[in-house]
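All residue numbers in this chain count up from 1 along the given sequence.
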Amino acid sequence: MDNIIGFFPLLLLILSAFNLGHVIKSKLKLQKFIPWFSLGFFIILGVFQILTYFFVLFEVNTKLVLGSLLLIMLISICSPLIFKTSIELRKEDYIKLIIIMIAVITFSYIASYYGLGEKSDSVFYLSMVNENSVLESLGNIGFRGTETQINPMYAYQSFYHIFSMLIKLSRQFIYFKISPIYIYYWGAQILFYFVLFDIIVTFGYYFFKNKLIFLLVFIAMSLYLCSLEGFIYLAFIGNQWRVLCVSILLALIYAYSYSFDDKIFYLIGSLISSLIAVSSSGLYISIFISVGLWFVLVKNNIKSRSLLLYLLSLISLVLFIIIFANHLYGVIFAGLIIFCYILLLILVLVIPNIIKKFNSIIFIACFIFFAGYSLLFRNSLYPYLYFFEAHKQDMCNHYFSFYDLRTFFFNTTWIFYAFLSIIYLSKVKKTSLFGQMFFVVICLFLNPLVMPAVIKFLTDFVYYRSFDILFNIFT
């Protein structure tokens, strides 16, 4: 019985995401294709991520960390009352909910036949979450047996800290004879299925309504897309969540290209924050998307106030870059990043014409730098063919590899579909901003000509994880 009661904090988190997502979607009048439960969860995660920087840096007591999480969940649960928004479910919402529940139960049952195993760093993350639930402050204490200091690659990922706090909360009112770590690995798995099928069902319903064949193909391809190593049983590892987070992030950018509502920038910033929260690879994926969107916003003569709000919405990304830079290169380099960020804010606010005047020049210069550096120093960098290699056992699909008939079929289909979608969206006036962003991201970051330099300066060997930008449930 205690084991079942131990899931109560997880139910609070689910209710928080449900209420907050519905309120935000209603208040901002977001398009119907935005999955509001998933949106609510990632916003909670993104907000908690910003707080996590300070929790870890200043070694805040985990009781205060837990209190902060409880406050966020309380506000989220009460958000319909706070913002005077009633939660009204329509017939289609009940149908979606039934489909999602059936899928969650089915896949959870399948997952029960798998063991955790010592795969994909599972022992590392299980140890980290369990230990942080009882430590006085959050941090990396050497869960692999080699780290002696806080490692920003892992210590600032709030996805894991949320589950540590959920376990800590359970410990407050239940005495466990053994570690309640099951709250983490089963809670994360169940929540993953909720988010996954919320996204699939919502996108499928609104984009393929009354098109049964296309809907079935979409569902099949979406499941293949997410069928990473350990898809069925390793969702307690944040890398499994990357593609889900990217899917919602791109859906929000698509929604912005329709409405040009500046308030969506706050949601985009929260999703970027949550992307960092689930995976260290989220840092450079966020940089790629943020830079691509920035160039396009400036090119389309978006007003200065909107550009300023966009830059401010990226505060979580900027904070993590500063922390990471300080860890790798020292305080001077971190200070330089702070200076550049503040300078950019001032330029946008005071003399925005300079930004717009040099936008195309900076874009071309960035491309020339990455492509030129890759060519000049190719003998000491990763080879161009690395772009097409398969990277098995690293929780990602291999979209540009064709090592057997199955991958040839699926990858060819995905590449054709993704690029067709991008070209189409670039030509449709209402969504041209969305398509243009992809053009910039591909030119600057996601092509073999620039890849060696991008690996050198931004991604390291896990460059291939950035393919989530091109191949996700939304695209």
Side-chain angles (χ1 to χ4, degrees), residues 20 23-24 27-30 34 39-40 42-55 57 68 72 75-76 83 156 158 245-246 248-277 282-326 334-356 358-359 362 433-434 437 440-441:
L20 181 62
V23 169
I24 290 175
K27 282 294 183 180
L28 297 186
K29 295 180 173 57
L30 296 175
I34 301 294
L39 177 66
F42 284 126
I43 287 176
I44 290 172
L45 185 60
V47 171
F48 192 66
Q49 173 66 21
I50 295 176
L51 297 177
T52 296
Y53 298 137
F54 301 97
F55 293 153
L57 277 174
S68 301
I72 293 173
I75 293 173
S76 300
F83 296 98
Y156 294 94
S158 63
C245 194
V246 170
I248 302 294
L249 174 57
L250 293 180
L252 287 171
I253 295 174
Y254 185 77
Y256 175 79
S257 70
Y258 259 99
S259 64
F260 289 92
D261 184 353
D262 291 346
K263 290 188 288 293
I264 295 178
F265 285 144
Y266 298 120
L267 305 184
I268 291 174
S270 296
L271 264 292
I272 286 174
S273 185
S274 66
L275 183 55
I276 297 170
L283 172 60
Y284 61 81
I285 294 175
S286 298
I287 291 174
F288 294 177
I289 294 174
S290 300
V291 169
L293 184 56
W294 167 259
F295 276 116
V296 171
L297 289 174
V298 175
K299 176 183 177 297
N300 283 270
N301 295 313
I302 302 299
K303 55 187 178 181
S304 300
R305 179 180 176 277
S306 300
L307 291 176
L308 183 65
L309 287 176
Y310 174 66
L311 288 175
L312 291 174
S313 74
L314 301 178
I315 187 63
S316 181
L317 174 60
V318 174
L319 285 173
F320 191 57
I321 291 174
I322 293 169
I323 292 170
F324 209 76
N326 181 59
L336 180 62
I337 292 174
I338 295 174
F339 172 78
C340 291
Y341 180 63
I342 294 175
L343 179 62
L344 189 57
L345 289 173
I346 294 173
L347 288 176
V348 168
L349 191 61
V350 180
I351 41 178
N353 289 334
I354 289 184
I355 300 291
K356 296 174 181 178
F358 290 97
N359 188 56
I362 295 173
L433 184 145
F434 183 77
M437 183 202 72
V440 173
V441 171

request  = Give, for atom CG of Asn353 and atom CG of Leu347, the distance between the pair rounded to the nearest 0.5 Å.
outcome  = 11.5 Å
4.5 Å side-chain heavy-atom contact, Ile322 and Tyr53 = no
ask   = What's the verdict on side-chain contact (heavy atoms from CB on, under 4.5 Å) for Leu275 and Leu271, showing C-alpha distance, side-chain angles and the deciding distance?
value = CA-CA 6 Å; Leu275 183 55; Leu271 264 292; over 6 Å; no
note = When Trp294, Tyr310, Phe260 are each screened for ring pair (Phe, Tyr, Trp, His ring centres under 6.0 Å) with Phe265, the one that passes is Tyr310
ask   = Under the side-chain contact (heavy atoms from CB on, under 4.5 Å) criterion, do Phe434 and Leu250 qualify, and how do the steps go?
value = CA-CA 8 Å; Phe434 183 77; Leu250 293 180; 4.2 Å; yes
message = Once rounded to the nearest 0.5 Å, what's the spacing between atom CG of Leu249 and atom OG of Ser274?
response = 7.5 Å
task = Enter the distance from Leu317:CG to Ile276:CD1 here, rounded to the nearest 0.5 Å.
result = 4.5 Å
ask   = For the atom pair OG (Ser316) and CD1 (Ile321), what is the distance rounded to the nearest 0.5 Å?
value = 10.0 Å
ask   = Going through the checks in order, is the side-chain contact (heavy atoms from CB on, under 4.5 Å) test met by Phe295 and Ile362?
value = CA-CA 9 Å; Phe295 276 116; Ile362 295 173; 3.9 Å; yes
key: Parallel, tilted or perpendicular: rings of Phe320 and Tyr156 (30°, 60°)   = perpendicular
query = Would a distance-only check, ignoring hydrogens and angles, find a side-chain to backbone donor-acceptor pair under 3.5 Å from Ser273 to Gly269?
reply = no
key: Pairwise side-chain contact, Ile355 with Asn359, heavy-atom cut-off 4.5 Å (strictly under)   = no
message = Against Tyr341, only a single residue in Leu343, Leu345, Leu344, Ile338 fulfils side-chain contact (heavy atoms from CB on, under 4.5 Å); can you say which?
response = Leu345
Gly40 to Leu20 - nearest heavy-atom pair and separation = O-CD2, 4.0 Å
request  = First locate atom OG of Ser306, then atom CG of Asp261, and finally report the distance between them rounded to the nearest 0.5 Å.
outcome  = 9.5 Å
Any side-chain heavy-atom pair of Val318 and Leu311 under 4.5 Å = no
inquiry  = Using modelled atom types and a 3.5 Å cut-off, is there a donor and acceptor pairing between side-chain atoms of Ser257 and backbone atoms of Tyr254?
reply    = yes
message = Determine whether a donor-acceptor pair (N or O, by modelled atom type, separation under 3.5 Å) exists between the side chain of Lys263 and the backbone of Leu28.
response = no
ask   = What pair of heavy atoms forms the shortest contact from Val440 to Val296, and how long is it?
value = CG2-CG2, 3.9 Å
remark   = To the nearest 0.5 Å, atom CD1 of Ile323 lies from atom CG of Leu57 at 4.5 Å
ask   = Do Tyr266 and Leu312 come close enough that some side-chain heavy atom pair is under 4.5 Å?
value = no
request  = Take Leu433 and Met437 through the side-chain contact (heavy atoms from CB on, under 4.5 Å) test and state the conclusion after the steps.
outcome  = CA-CA 6 Å; Leu433 184 145; Met437 183 202 72; 5.5 Å; no
